[in-house]
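In what follows, a structure is listed as structure tokens, so that the remarks can point back to it.
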Amino acid sequence: MVRPWTLRPATSADAPWLIDLKAAAMRPDLERVGRWDADRSRRRFLEAYVPANTDVIEVDGRAVGSVAVRPEHDAQWIEHFYLDPQLHGRGIGGEVLRHVMAAHRDARPFRLVVIRGSAARRLYERLGFVHAYDHDNGVDEILDAPGGGYLLDNAQAEAGARFGALAELFDPSTFRHFDALGVAAGWRCWEVGAGGPSVPSWLAARVGPAGRVLATDIDVAWLDPGAGYEVLRHDVGAEPPPGDGFDLVHARLVLVHVPRREAALAAMVSALRPGGRLLIEEADPMLQPLACPDESGPAQRLANRLKHDFRTLMAGRGVDLAYGRKLPRLLREAGLTEVAADAYFPVTGPACDRLERATVEQIRARLTAAGLATDEEIDRHLTNLDAGLLDVATSPMVSAWGVRPG
Ligand SMILES: C[S@@+](CC[C@H](N)C(=O)[O-])C[C@H]1O[C@@H](n2cnc3c(N)ncnc32)[C@H](O)[C@@H]1O
């Protein structure tokens, strides 16, 4: 799909028209709260305008808006986010902001100020922003979105190794569930947050040419559109479902990372045909929080401490560490019938080691940046792992399934 908009770096020469645009975009909200003052609006813009932090949004070669990202040590502030009011309602603002957030994503949360009651809040909510605190001016509120958004970022080199290890560990159990649910030739399937290719490939082979498999993810870099399934970049927490009438909708280790996971679950249920099956598989780290349940010495203690630190990072980004156990209830509350669940728990093995290594490598910089672990500790842990000193377990994986009535 060709984007209808582009971004270019802003310059100081853009300031005059941006002041006018800010006035046009903000005036109705500011008037509503009794704070409209043209001079003040201009002055505040000039005080805060840093062209190096700012992009100009262009549509058909015409400058129509702006967005800035101001880095602070504890957050990245989204500022000067204005769009020509004539272009509101076309999805451009949401697309631009999603793009800018993806480009700047790191461990820090995104943060912004919105006037209470503003229509813009809905757009921000769709992108995962939630209320953080009220401004003491009584009019503004501050919203936050998890920065890493998704802590285990697919773009990093270790993602491939992680997907490989996840497939080795959990595909056999997932495929047993598909079999039990009756997945067969001709089925239409939506694989949500597919990550790597193993699950959509298996489904494509099972449903055959008469069926259809759609694999979606916020990062589709690891999927192969030529491999018998369709690939679509899609945010399950922020966008409407990419189709309906599916016989099977499946997500594994996805919902727990989605800030608006209730909306995501509802979207997945709504995409099923009556009688269609939903299979959701999520870890429940708090059911078994240790890396080495057999904590027999210092190597195991270090492994368990690093696992604890990893969970601290995940929890700080809004990951629900006891989500797996809630799935049967959530599926029933979403209107499904014949709900049941089980759990699969690899206790140790080469694939557990590979998953542990790939995960630790992937989050190493964030663990050290947060002061939770030193490079020396992480290296020592990886050496222990390679030396075969550790029986590393994974978190139990809860699989829950149900049927859309009708
Ligand atoms: C832990 S991986 C699991 C991948 C795969 N389902 C598996 O089990 O091997 C989580 C996946 O969810 C994707 N993801 C995270 N947030 C998402 C969102 N809001 N919408 C769609 N996919 C998302 C990530 O990009 C990543 O590929």
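Just the heavy atoms: all of them, side chains too, but no hydrogens, waters or symmetry mates, feed the values below. Counting begins at 1 with the first residue of the sequence. Start at 1 and go down the list; that is how both ligands and their atoms are numbered.
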Go through ligand 1 atom by atom and flag the ones less than 4.0 Å from a non-hydrogen atom of [X].
| X | value |
| --- | --- |
| L253 | 1 (C), 2 (S), 3 (C), 10 (C) |
| V258 | 18 (C), 19 (N) |
| R162 | 1 (C) |
| G195 | 4 (C), 27 (O) |
| L166 | 9 (O) |

Which part of [X] is near ligand 1, with near meaning a heavy atom under 4.0 Å away: side chain, backbone, both or neither?
| X | answer |
| --- | --- |
| H234 | backbone |
| F170 | neither |
| A194 | backbone |

Quick one: does [X]'s side chain get under 4.5 Å of [Y]'s, heavy atoms only?
| X | Y | result |
| --- | --- | --- |
| N53 | V69 | no |
| T216 | L214 | yes |
| D171 | W202 | no |
| V139 | R35 | yes |

Discussion item. Regarding atom 17 (C) of ligand 1: of the candidates L223, I218, D219, which has the closest heavy atom?
Written reply: I218
Is there a nitrogen or oxygen of [X] sitting under 3.5 Å from a nitrogen or oxygen of ligand 1?
| X | result |
| --- | --- |
| D235 | yes |
| R252 | yes |
| V236 | yes |
| G196 | no |

Worksheet item: Hey, mind stepping through R364 and D375 against salt bridge (charged side-chain N to carboxylate O under 4.0 Å, His left out) and telling me if it holds?
Response: CA-CA 8 Å; R364 171 195 282 267; D375 275 316; 2.9 Å; yes
Discussion item. Classify the ring geometry of H234 against W190: parallel below 30°, tilted from 30° to 60°, perpendicular beyond 60°.
Written reply: perpendicular
Practice prompt. Check the side chains of S395 and Q288 for a donor-acceptor pair under 3.5 angstrom, ignoring hydrogens and angles.
Written response: no
Worksheet item: Between E141 and R121, is the closest basic N to carboxylate O distance under 4.0 Å?
Response: yes
Discussion item. Tell me whether D247 is salt-bridged to R273, with the criterion being a basic N under 4.0 Å from an acidic carboxylate O.
Written reply: yes
